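Bear in mind that the values here come from a model prediction, so they are computed numbers and not experimental data. Here is the naming used below: chain letters follow the sequence lines, and residue numbers restart at 1 for every chain.
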Number of protein chains: 2
Amino acid sequence: MSLEKLFANFDNYIPLNEEEREDLSKRVVERKIKRRQFILQEDDVCKHYTFVAEGCFKKFQVDQKGTEHNLQFIAENDWIMEIDSFYNEKPSRVFIEAIEPSVIFQITKPDLIELFMTNPKFNRNFRVIIENRFVELENRVLQAISSTAEERYLTFLNQYPKLSQRLPNTQIASYLGITPEFLSKIRKEISKK
Amino acid sequence: MSLEKLFANFDNYIPLNEEEREDLSKRVVERKIKRRQFILQEDDVCKHYTFVAEGCFKKFQVDQKGTEHNLQFIAENDWIMEIDSFYNEKPSRVFIEAIEPSVIFQITKPDLIELFMTNPKFNRNFRVIIENRFVELENRVLQAISSTAEERYLTFLNQYPKLSQRLPNTQIASYLGITPEFLSKIRKEISKK
DNA sequence: AAATACCCTTAAGATAGATTAAGAGTATTT
DNA sequence: AAATACTCTTAATCTATCTTAAGGGTATTT
């Protein structure tokens with residue numbers, strides 16, 4: 001069952017005991033999400049911390065010209081949050097949309113705070129979740145300021161081998177900050193070698 | 001006195017009462033840092049969370065060619081950490097170096113954990129510190145994948161008006177991910193308008 | 001099964017940004 | 001005060017990446 005995936009995810013950090021699993025399961029809501037369905041839209045306040053049990057989402061921002069820019073892909077066994085909006089109740093600047101049919105577990109802010117209060121282990125676990133994403137983001141900034149598009153693409157393939165097979169190249173190009181045409185050219189170059 | 005700046009920094013989050021200030025002051029160490037002095041070098045483990053009371057630092061990574069890439073500037077009233085290295089005791093991939101003579105306060109991991117344990121307010125405050133940096137990082141990734149160098153430069157000027165006057169353009173160029181020559185060209189374009 | 005939307009590739013021409021080199025102007029060090 | 005090391009700028013040339021346009025291939029929807 002999907003809840004098991006949520007529990008198992010914490011085994012990567014500090015595993016939960018039976019009681020803690022109970023606490024958590026009482027506070028999360030399972031949802032099935034269709035392809036192309038949004039779980040967060042621009043200007044809405046992000047009300048949930050979300051765990052992806054199955055499927056895949058993209059988090060993106062839309063510029064003045066209407067072009068989408070993918071900030072992140074989130075597949076099964078990973079967490080999505082729009083931190084600024086969630087904690088500070090600001091309108092979100094991003095959209096979060098399902099790329100595949102998905103199953104998620106969501107927890108609201110009051111419930112999360114409750115967990116933090118009653119048990120420091122949750123505090124610690126959720127801190128580690130943020131830290132991991134933090135490290136990922138710093139790596140991305142470094143790549144952005146120091147590498148060519150080809151290097152960034154190879155890093156992406158290396159870092160997300162499964163994801164890169166599930167995603168259309170248009171989406172990957174948006175994530176890398178290049179046009180699909182240029183990604184196509186890069187792929188051709190690589191295949192020559 | 002400099003310690004006051006540290007206390008005042010928490011007023012931006014959840015202010016500390018007298019007792020908490022005591023707790024904190026017993027666990028931080030004040031250091032004076034000279035220009036060009038490093039407080040973290042590549043391959044060392046980051047042992048401290050650092051608050052900058054005066055001065056300015058740069059956090060950068062060096063690539064295979066020996067080129068420096070600035071990930072972040074940290075000036076007075078801000079926090080520096082190399083999260084992955086600090087929490088997971090991994091060797092750091094970055095250097096942190098003073099650009100100006102500086103005064104800092106440092107806290108070790110055991111002391112920080114102690115604070116987290118004894119008082120949830122610290123937990124909360126340090127989580128917010130990370131969140132703020134997190135938002136900054138996401139904005140930078142977005143800019144990197146969606147904006148031209150000129151747009152990124154204008155955003156930088158706008159976001160860090162004081163910093164941009166204290167830093168040499170070579171350092172700003174490294175932060176933006178462009179060459180100093182190209183930054184010079186951009187500045188010329190802007191001044192024409 | 002046809003229609004529609006989406007996706008991938010190619011190529012020509014345009015623009016953003018890098019590289020190299022050189023010179024003048026400021027700080028810093030001796 | 002001279003010497004040295006940075007910093008900023010300019011310009012020419014080169015390379016990375018974008019834009020536009022077009023065609024063929026796959027999914028999805030009707």
To the nearest Å, give me how far apart [atom1] ([X]) and [atom2] ([N]) are.
| X | N | atom1 | atom2 | answer |
| --- | --- | --- | --- | --- |
| A/Glu150 | D/dT15 | CD | P | 15 Å |
| A/Leu183 | D/dC18 | CG | C1' | 14 Å |
| B/Gln143 | C/dA16 | CD | P | 17 Å |
| A/Ile178 | C/dT15 | CD1 | P | 21 Å |
| A/Leu167 | C/dC6 | CG | P | 17 Å |
| B/Ile186 | D/dC8 | CD1 | C1' | 14 Å |
| A/Lys185 | C/dT9 | NZ | P | 14 Å |
| B/Arg36 | D/dA5 | CZ | P | 12 Å |

Short side-chain N/O contact to [N] OP1/OP2 from [X], under 4.0 Å:
| X | N | answer |
| --- | --- | --- |
| B/Arg187 | D/dT9 | yes |
| B/Asn169 | D/dC8 | yes |
| A/Thr148 | D/dA16 | no |

Can you spot which of A/Asp44, A/Asp84, A/Asp43 makes a salt bridge (charged side-chain N to carboxylate O under 4.0 Å, His left out) with A/Lys90? A/Asp84

With A/Arg27, which of A/Glu22, A/Glu20, A/Glu114 fulfils salt bridge (charged side-chain N to carboxylate O under 4.0 Å, His left out)?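 Output: one option passes, namely A/Glu114.
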
How do A/Glu181 and B/Phe182 order along DNA chain D: which one's closest nucleotide is nearer the 5' end? B/Phe182

Looking at A/Phe60 versus A/Phe95, is the centre-to-centre ring distance below 6.0 Å?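 Close enough - the centres of the two rings lie under 6.0 Å apart.
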
is_close_aromatic(A/Phe73, A/Tyr175), centroid dist under 6.0 Å: yes

For B/Ser146 and A/Gln61, does a side-chain donor sit closer than 3.5 Å to a side-chain acceptor? no

Measuring from the side chain of B/Thr179 (C-beta onward, heavy atoms only), which nucleotide among D/dT10, C/dT19, C/dG17 has the closest atom?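 Of D/dT10, C/dT19, C/dG17, C/dT19 is nearest to the side chain of B/Thr179.
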
Could you check which of C/dA11, D/dT9, C/dC8 has an atom nearest any side-chain atom of A/Lys188? C/dA11

Scan B/Thr170 against the nucleic acid and name what it touches under 4.0 Å (heavy atoms): base, sugar-phosphate only, or nothing.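 B/Thr170: backbone/sugar contact only, no base atoms under 4.0 Å.
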
